[in-house]
Amino acid sequence: MTLPPYGSSDSGPTSQTADLILKNGAVFTMDANRSQVTAVAVKDGKIVFVGGDTGAEALRGSSTRVVDLQGQMVLPGLHDSHVHLTEGGLALLQCDLTGLTTVQQVLDKVASYAAEHPALAWIVGGGWALTLFPPEGPTHQRLDAVVPDRPVLLYGDDGHSAWLNAEALRLSGITKDTADPPNGRIERDAAGEPTGTLRESALDLPIAAAPPISRQEYADGLRVGLRLAAELGITSIFEANATPGVLQSYQDLDAGGELTLRVLAALATKPLEGPEQVAALIQARERAHGRRLRANAAKIFVDGVIEAQTAGLLEPYVGSSDSGSLNFTPQALNALVQALDDAGFTVHFHAIGDRAVRVALDSVEALGGTDLRPSIAHVELTDPADLPRIAQLGGVANIQPRWAIEDEDIKELTEPVIGPERAKRLYTFGSMRDAGALLAGGSDWPVSGLSPLEGIQVAITRRALNAGPGEAWLPEQLLTLQEALEAYTINGAYALLQEDVTGSLEVGKLADMVVLERNLFEVPPSQISQVRVLRTFVEGEEVGRA
Ligand SMILES: [Zn+2]
């Protein structure tokens, strides 16, 4: 499938007055010719002119707001094609352990948070680094030492693990005799006692026991997320797992005129409830549809994560006969994907292991053609034979560039369990591009930082954000800056099925735009993420300002 034709980049009506003119800038339009111009003019939320300063000035009236950019960079509004914006905001309102680098720091934070919130029945938080603990995860005893009397539930930074204290285990009904739920695991010691770490669907046990998150809390979480997104230049998102509570938060804020970005929400599916669940998703989609909200996507978790050995691999994990498991049989996956595609949902696959990626692509192939752009998210470990299939099947590679660095996570948790040969097939963005795949960039916040510029920097350096210049990890897999920018603009719009209205700066499109303090093409690659986002416009309205 090809993108639909674009309009001309230097044309527009001259008989009307603009509301807003940006001029004297380095405006990268991301149109079909990747034109660079100096000015954009906006009227009624839409772009009415793209071209030179003189042409823009002709649209100036007495009430026109004119911004002299003095060479600053303008890009189409940035897209985050895989994010959990409500849950990320909620996490900041809970006990936030993100970025803490020692176990003691984590325990101190939990203790002080509990002391500051004496009325909370449960201490809930997240973001602890998996790398702080052995592969089998942390134990409840360490949490019991700081919070003995109230339940504590802390999500890991992989989004697939949780750490509980003894009181939370007790209230969740998890004992030695509790069987692992389907697609989940209760970590146990040598005597079979639960250690305090849970994986995948086992997290449902404490979630069911803890007080439910209120509609107000969800809405407040989304407000936090929206504020950060506006500051970072994000004007459109793909909400990657819209559970009912999460979807409601978008509906509430859209209805109240508070939604300062466009949202395509992927409705959460359940692996064990086959195609019958699609009827309820259709109803949810119809209820959700609003001014800036659509829910025409569906999320399918095909597998788990490599670090916890829950990802589905083609060959076994090192030193094991186990190659992980998928949440579906191929037949069950095909049936669900068929039902979703028939109902007009774009399917978003969480697929980490090479077998999960293959089975996801197989399910798309079984459709016999689709124009709904199914996206394979994460695509962490892939077999090269599968990469050309992404484009051939009309799909999108939904990548999280922040993960493509050789950090402790890769060195201590991933490489040891897949071995050095397979480690060369991790995050092969360059190979995907060469195989013709369209790449869309996403943060997976709160798993990784929300800033698109951080994702862009790592995509073109494959080095830690603060590592400075130096050798890239798997340098043949680097993207160019142009390609990385496309992944967060026009390609993101394509993945969100909205390239007809945004993703590039062209006459007739919505005036979603971002102003950066410097032209990224003139910034050393290792410093891209330090460039400040100065202004974020959604439909010509300034929603974020540095
Ligand atoms: Zn995610």
Side-chain angles (χ1 to χ4, degrees), residues 79-92 98 126-130 155-162 183-184 199-201 203-204 207 218 221-222 225 228-229 232 234 236-247 249-250 261 263-271 295 297-308 310-312 326-327 345-353 356-357 360 374-381 396-404 409 414 427 439-452 454-455 458 487-488 492 495-496:
H79 282 61
D80 188 332
S81 297
H82 183 113
V83 64
H84 309 272
L85 201 65
T86 297
E87 286 160 317
L90 260 179
L92 292 180
T98 307
W128 54 271
L130 259 67
Y155 300 102
D157 68 354
D158 63 341
H160 295 253
S161 303
N183 304 327
R199 310 288 187 188
E200 309 293 345
S201 72
L203 275 62
D204 295 343
I207 290 169
Y218 274 119
L222 180 53
L228 289 174
L232 295 168
I234 299 168
S236 285
I237 63 163
F238 185 91
E239 161 55 57
N241 194 33
T243 57
V246 166
L247 185 64
S249 69
Y250 289 103
L261 40 66
V263 181
L264 175 56
L267 302 178
T269 64
K270 299 197 177 93
K299 171 68 171 288
I300 295 180
F301 281 97
V302 182
D303 67 345
V305 293
I306 291 175
E307 296 92 317
T310 53
L326 304 182
N327 295 333
F345 287 98
T346 178
V347 177
H348 188 77
F349 298 93
H350 165 112
I352 293 269
V357 171
S375 50
I376 315 289
H378 311 320
V379 282
E380 177 167 349
L381 176 66
V396 173
N398 192 301
I399 62 171
Q400 283 63 55
R402 281 289 306 278
W403 302 353
D409 205 77
T414 303
Y427 305 118
L439 306 181
S443 66
D444 206 7
W445 190 65
V447 176
S448 302
L450 183 60
S451 163
E454 292 180 357
V458 177
Y488 285 87
L496 271 67

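One-based numbering, in listed order, for ligands and for the atoms of each. Along the sequence shown, the residues carry numbers beginning at 1. Being a predicted model, the structure only gives us computed values, none of them experimental.
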**Fill in**
Within less than 2.8 Å of the Zn ion (ligand 1), the count of protein N, O or S atoms comes to 3

**Asked** Under the side-chain contact (heavy atoms from CB on, under 4.5 Å) test, which residues partner Ala440, sequence neighbours left out?
**Response** Ser81, Val396, Ala495

**Message:** Check whether Ser201 reaches the backbone of Gly184 with its side chain - one donor and one acceptor, N or O, closer than 3.5 Å.
**Reply:** yes

**Asked** Would you say Thr414's side chain and Asp409's backbone share a donor-acceptor pair under 3.5 angstrom?
**Response** yes

**Request:** Give the ring-plane orientation class for His378 versus His350, where under 30° counts as parallel, over 60° as perpendicular and anything between as tilted.
**Result:** perpendicular

**Request:** Using modelled atom types only, decide if a donor and an acceptor are shared between the side chain of Ser375 and the backbone of Ala397 within a distance under 3.5 Å.
**Result:** no

**Asked** Distance-only, no hydrogens or angles: does the Asp303 side chain make a donor-acceptor pair with backbone N or O of Gly353 under 3.5 Å?
**Response** yes

